[in-house]
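Remarks on the structure that follows.
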Amino acid sequence: MGAAKAAGDEAEFQRLRALVSENKAKNADLNDVVKAKSTALNDLLLGLPNLPADDVPDGADEDDNVEINRWGTPRNFAFTPREHYDIPAAKDGLNFDVAAKLSGSRFVVLTGTMARLHRVLAQFMLDTHVNDNNLLETNTPVLVREEMMYGTGQLPKFGEDSYQTTNGWWLIPTAEVPLTNLVNGEVLDATTLPRRHVAHTLCFRSEAGSAGRDTAGMLRQHQFEKVEMVSITHPNESAAEHNRMTKCAEGILERLNLPYRTVVLCTGDLGFGMRRTHDIEVWLPGQDAYREVSSISIAGDFQARRMNARFKPEDGGKPEFLHTLNGSGLAVGRCMIAVLENGQQEDGSIDLPEVLRGYLGGKTRITADGNLA
RNA sequence: GGAGGAGUGGCAGAGUGGUCGAAUGCACCGGUCUUGAAAACCGACGAGGGUGAAAGUCCUCCCAGGGUUCGAAUCCCUGCUCCUCCGCCA
């Protein structure tokens, strides 16, 4: 038509013009149909969970998880060990009442030695991951766009578990969201893989559906701190990376001399977007139970597909989807609970792990009245 | 928060309604020249997807999404991002 116009052939131009106009209406109708159907299809696809890896054990719930590692021996207590919030050395520094005044239930105000221990634990974790495990320290926003929550799989199905600001940002429930979405929409050079990030962030969770569970102490909070690891890998490397990350997390507990066990989640307990998940559970003598301090998962290409995150193969082939993995390394608050409960003494004081001494001015314990000594 | 301006290939930067997926320069790549390199010169040179054994071929893409039009990089609307100024704040 451009040619006809340029040649000044007005008759041909008008004929073509009418023809196009006619087809245009049909086209518009068809486009509407396509759009409606593809939106519906997309919604369905976004609601589909990931496929478990072949070696994930079948099972209905957490009782069917399979232990794959156990480290350390729980101490033999000559007295009945207390829960963290009842230990004299910790009691005054964990203030749930004043936190309730400020913010409501499931919050805590830490003061003095508790605040310092909490901070120091996070720093110890970061230092270990950066210096010994070669992860890239990363500091991210904790408010993210909605599409990032789709990218890692929190949305569309699990919006009620997180918080959203009035202008549309989401508060991250885990640093997995910003760290993984760093590669959202990117085509990476294969030679830059793997990418290994670690970040210490606040996390926010509504804890919808957990009413009445773990309400005592600081085990389950709306706001907590976590050191998170995220690896972006070539598909061939992701399985090995999963084990590497698990060791990184386990290493933190070993250095802190805290007994733990590692389980592989069965199909029934596996999260929406994950192929295989290892949970690391630390021994809490006050509860006489192993409790989760870390969850390390391989998403395969599940998140990468949602994010359209790809890499260019070294042989120059077409871009392929990356694999993404994430894991806590570790939940700071829960880890502190373990330090408190495992180190408690009959006199109400707490012996601290050796590795923290350098962070605590050489001090080795918390006295029953809450001071470092 | 207010007022302006801008988003084009790896980078810079033309293009303001008609064979534009897009000038030019730089970078990169191949070659000539050279003992070698540089310079100079010649050539090639955006991305994603479909199809194909390959050569090729088709589709989509000028921040994103809508709209106007027979036709949009170009006009309109919305969003996002960046820049400048003012305000405010850590």
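Excluded from the calculations below are hydrogen atoms, water molecules and symmetry mates; all remaining heavy atoms, backbone and side chain alike, are included.
- Using N1 to N3 plus N6-O4 or O6-N4 for Watson-Crick, or N1-O2 and O6-N3 for G-U wobble, each under 3.5 Å, B/rC61 pairs with B/rG46.
- Taking the P atoms as reference points, B/rC20 lies 24 Å from B/rC26, given to the whole Å.
- For A/F321 and B/rG49, the CZ to C1' distance is 11 Å, given to the nearest whole Å.
- Listed for the A/R306 side chain is a donor-acceptor partner under 3.5 Å among the backbone atoms of A/L46.
- As a whole-Å value, the separation of A/E147 CD from B/rG79 P is 16 Å.
- Listed pair A/K318 / B/rA47 fails the phosphate criterion, with no side-chain N or O lying under 4.0 Å from OP1 or OP2.
- Within the 4.0 Å cut-off from OP1 or OP2 of B/rA47, not a single side-chain nitrogen or oxygen of A/R310 is found.
- Nucleotides B/rG9 and B/rC85 place their C1' atoms 33 Å apart, quoted to the nearest Å.
- Residues A/H278 and A/T246 have side chains that bring a donor and an acceptor to within less than 3.5 angstrom of each other.
- Between A/K312 and the phosphate of B/rA47, there is no side-chain N or O to OP1/OP2 separation shorter than 4.0 Å.
- When rounded to the nearest whole Å, the span between CG of A/N167 and C1' of B/rC80 equals 14 Å.
- We find that CD of A/E186 is positioned 14 Å from C1' of B/rA47, with the value rounded to whole Å.
- There is no side-chain donor-acceptor pair under 3.5 Å between A/W71 and A/E250.
- A/E146 places its CD atom 18 Å from the P atom of B/rG65, with the value rounded to the nearest Å.
- Note: CD (A/E320) to C1' (B/rG48) measures 15 Å, nearest angstrom.
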With salt bridge (charged side-chain N to carboxylate O under 4.0 Å, His left out) as the test, would you mind laying out the steps for A/E320 and A/R310 before giving the verdict?
-> CA-CA 5 Å; A/E320 298 172 28; A/R310 295 169 296 172; over 6 Å; no
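- B/rU51: Watson-Crick or G-U partner is B/rG56, with both key distances under 3.5 Å.
- Judged by Watson-Crick or G-U wobble contacts below 3.5 Å, the nucleotide B/rA27 has no partner.
- Nucleotide B/rC70: paired with B/rG18 (Watson-Crick or G-U wobble, both distances less than 3.5 Å).
- Here B/rG9 sits opposite no nucleotide as a Watson-Crick or G-U wobble pair (both hydrogen-bonding atom distances under 3.5 Å).
- With P as the reference atom, B/rC61 and B/rA54 are 26 Å apart, rounded to whole Å.
- An OP1 or OP2 oxygen of B/rA64 is reached within less than 4.0 angstrom by no side-chain nitrogen or oxygen of A/R145.
- Searching all strands for a Watson-Crick or G-U wobble partner of B/rU32 with both distances below 3.5 Å returns B/rA40.
- Applying the Watson-Crick and G-U wobble criteria (two distances, each under 3.5 Å), B/rA3 pairs with B/rU84.
- For the residue pair A/T201 / A/K226, no side-chain donor-acceptor distance below 3.5 Å is found, with atom types taken as modelled.
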